[in-house]
*Asks:* 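I'd like to ask some things about the structure below.
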Amino acid sequence: MPKMKKDKKTATKKINAILDPSMRSHANDPIVLKKANDAKAFIDRVGLPKEYYDSQ
Amino acid sequence: MNLPRYPYKTDNFLEYEFVSVGPKGHIKKIVQFTQIDVNIFNLSFYDFSEEIGEINDLVVTNNNDRHKVLATVAFVIQDFTQKNNRPWIFAKGSTRSRTRLYRMGITNNWEEINTEYVVLGFQDGGWQPFELQKPYEAFLIHRR
């Protein structure tokens, strides 16, 4: 059987995180949401760099 | 990256947990990515108190393991950017000292970070390529 070549672009890189489906989510914590809103407000106020638009 | 770090876990590759161990005991740390714009995620980094069940994002705990904590966050960012579609990560501390902490993390690992990521800092009204020893208000990080 011929050996399959690994496509470097799709090769899976090692993930270091331990997967734990039982983790409690804090995504909806008021502090987390406030920080996200503050971050959005900052970006809305100052704008995004050219590098961001070039990457999209 | 070959730096000492804490083991960390995730459920959905948006939120990560690890435990800092030091003179102040075991402190649960959380790194949270929240989408705030097209392909941009805000990085939140905070302590979580199991005793009172609350987040604390204002404190700099100083458990005598700063380098290890920052290296762990760097590995978390690596995992996050690998699992998602090369997102931009926005990071700004809740306080100036926490923003300085982020700058310290970038500075301490700059050689490795610079080969893999574009790092921009916000200063004097504009985004500019990150330079060592310069203070910034916020950061944007993107995998090359």
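Just so we're clear, the structure is a prediction, and the values are computed from it rather than from any experiment. All chains are named by letter (A, B, ...) in the order of the sequence lines, taking the proteins before the strands, and each is independently numbered beginning at 1.
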*Asks:* With a 4.5 Å cut-off on heavy-atom pairs, point out which of Q128(B), H142(B), E17(B) contacts chain A the most.
*Replies:*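 If we count pairs closer than 4.5 Å to chain A, E17(B) comes out on top.
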
*Asks:* Heavy-atom cut-off 4.5 Å, strictly under: side chain, backbone, both or neither for D29(A) against chain B?
*Replies:*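 Interface part for D29(A): side chain.
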
*Asks:* Counting only heavy atoms not in K28(B) (residues, nucleotides, ligands), do more than 12 fall under 6.0 Å from its NZ?
*Replies:*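 Yes, enclosed.
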
*Asks:* Taking all atoms of both residues into account, what is the closest heavy-atom pair of I36(B) and A36(A), and its distance?
*Replies:*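 Looking at all heavy atoms of both residues, the shortest contact is CG2-O, 3.5 Å.
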
*Asks:* Any chance you could measure I18(A), atom CD1, to T10(B), atom OG1, to the nearest 0.5 Å?
*Replies:*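 I18(A) CD1 to T10(B) OG1: 11.0 Å, rounded to 0.5 Å.
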
*Asks:* Heavy-atom distance under 4.5 Å to chain A: side chain of F48(B), backbone, both or neither?
*Replies:*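 Contact with chain A involves the side chain of F48(B) alone.
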
*Asks:* Working to the nearest 0.5 angstrom, can you tell me the gap between W88(B) CH2 and I43(A) CD1?
*Replies:*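 It is 10.5 Å, given to the nearest 0.5 Å.
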
*Asks:* Taking V118(B) as the starting point, is it possible to reach I113(B) by hopping between hydrophobic residues whose side chains are less than 4.5 Å apart?
*Replies:*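 As far as the 4.5 Å side-chain criterion goes, V118(B) and I113(B) are not connected within one cluster.
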
*Asks:* Verify the distance criterion only: is there a donor paired with an acceptor across the side chains of E15(B) and H26(A) at less than 3.5 Å?
*Replies:*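 E15(B) vs H26(A): donor-acceptor pair found between side chains.
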
*Asks:* Given a strict heavy-atom distance threshold of 4.5 Å, which part of E137(B) is in contact with chain A: side chain, backbone, both, or neither?
*Replies:*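 Looking at E137(B), just its side chain touches chain A.
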
*Asks:* Of all heavy-atom pairs between M23(A) and D11(B), which one has the smallest distance, and what is that distance?
*Replies:*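 Here M23(A) and D11(B) meet closest at SD-N, 3.7 Å.
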
*Asks:* Yes or no on side-chain contact (heavy atoms from CB on, under 4.5 Å) for L48(A) and L140(B), after CA distance, side-chain angles and deciding distance?
*Replies:* CA-CA 9 Å; L48(A) 288 164; L140(B) 275 171; 4.1 Å; yes

*Asks:* Side chain from CB out, backbone as N, CA, C, O: work out which of these in S25(A) comes under 4.5 Å of a heavy atom of chain B, or both, or neither.
*Replies:*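 Both parts, backbone and side chain.
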
*Asks:* Can you tell which part of F41(B) gets under 4.5 Å to a heavy atom of chain A, answering side chain, backbone, both or neither?
*Replies:*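 No part of it gets close to chain A.
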
*Asks:* Would you give the length of the straight line joining atom CG of N37(A) to atom OG1 of T34(B), rounded to the nearest 0.5 angstrom?
*Replies:*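 N37(A) atom CG to T34(B) atom OG1 measures 9.5 Å (nearest 0.5 Å).
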
*Asks:* So how far is it from Q82(B) CD to I15(A) CD1, rounded to the nearest 0.5 Å?
*Replies:*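 One gets 4.5 Å once the value is rounded to the nearest 0.5 Å.
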
*Asks:* With chain A as the partner, which of D37(B), L120(B), L14(B) has the greatest number of non-hydrogen pairs under 4.5 Å?
*Replies:*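 If we count pairs closer than 4.5 Å to chain A, L120(B) comes out on top.
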
*Asks:* Supply the atom-to-atom distance R144(B) CZ to S55(A) OG, rounded to the nearest 0.5 angstrom.
*Replies:*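 Going from CZ on R144(B) over to OG on S55(A), the span is 12.5 Å.
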
*Asks:* Name the member of K92(B), R86(B), Q32(B) that forms the most heavy-atom pairs with chain A at distances under 4.5 Å.
*Replies:*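 Option with the top pair count is Q32(B).
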
*Asks:* Compare every heavy atom of G47(A) with every heavy atom of W127(B), then report the nearest pair and how far apart it is.
*Replies:*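 For W127(B) versus G47(A), the nearest heavy atoms are NE1-O, 2.9 Å.
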
*Asks:* By a 4.5 Å heavy-atom criterion (distance strictly below it), what part of F18(B) contacts chain A: side chain, backbone, both, or neither?
*Replies:*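 Interface part for F18(B): neither.
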
*Asks:* Using every non-hydrogen atom in the two residues, find where A17(A) and D79(B) come nearest and quote the distance to one decimal.
*Replies:*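 Shortest heavy-atom separation between A17(A) and D79(B) comes out as N-OD2, 2.7 Å.
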
*Asks:* Examine I106(B) and Y136(B) and state if one hydrophobic cluster contains both, with Ile, Leu, Val, Met, Phe, Trp and Tyr joined whenever side-chain heavy atoms are less than 4.5 Å apart.
*Replies:*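 The answer is yes; both residues are in one hydrophobic cluster.
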
*Asks:* From N12(B) CG over to D20(A) CG, what is the distance, rounded to the nearest 0.5 angstrom?
*Replies:*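 Reported value, rounded in 0.5 Å steps: 11.0 Å.
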
*Asks:* If hydrophobic clusters are built from ILVMFWY residues whose side chains come within less than 4.5 Å, do Y102(B) and Y16(B) share one?
*Replies:*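 Yes; tracing contacts between hydrophobic side chains, which count when under 4.5 Å, links both residues.
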
*Asks:* Between Q56(A) and chain B, with a heavy-atom cut-off of 4.5 Å, which part of the residue counts as in contact: side chain, backbone, both or neither?
*Replies:*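 For Q56(A), the contact with chain B is made by the side chain alone.
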
*Asks:* Is it the backbone or the side chain of F90(B) that comes under 4.5 Å from a heavy atom of chain A, or both, or neither?
*Replies:*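 Side chain only.
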
*Asks:* In terms of hydrophobic clustering (I, L, V, M, F, W, Y; side-chain heavy atoms under 4.5 Å; direct or indirect links), are L19(A) and V19(B) co-clustered?
*Replies:*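 Yes; tracing contacts between hydrophobic side chains, which count when under 4.5 Å, links both residues.
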
*Asks:* Answer with yes or no whether the hydrophobic clustering places I40(B) together with I141(B); edges join I, L, V, M, F, W, Y residues whose side-chain heavy atoms lie under 4.5 Å apart.
*Replies:*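 Not linked; separate clusters.
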
*Asks:* Within a reach of under 6.0 Å around NZ of K68(B), are more than 12 heavy atoms found that belong to other residues, nucleotides or ligands?
*Replies:*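 Result for NZ/K68(B): enclosed.
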
*Asks:* Taking all non-hydrogen atoms of both residues into account, name the closest pair between Y52(A) and V38(B) and its distance.
*Replies:*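 Taking Y52(A) first and V38(B) second, the nearest heavy atoms are OH-O, 2.5 Å.
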
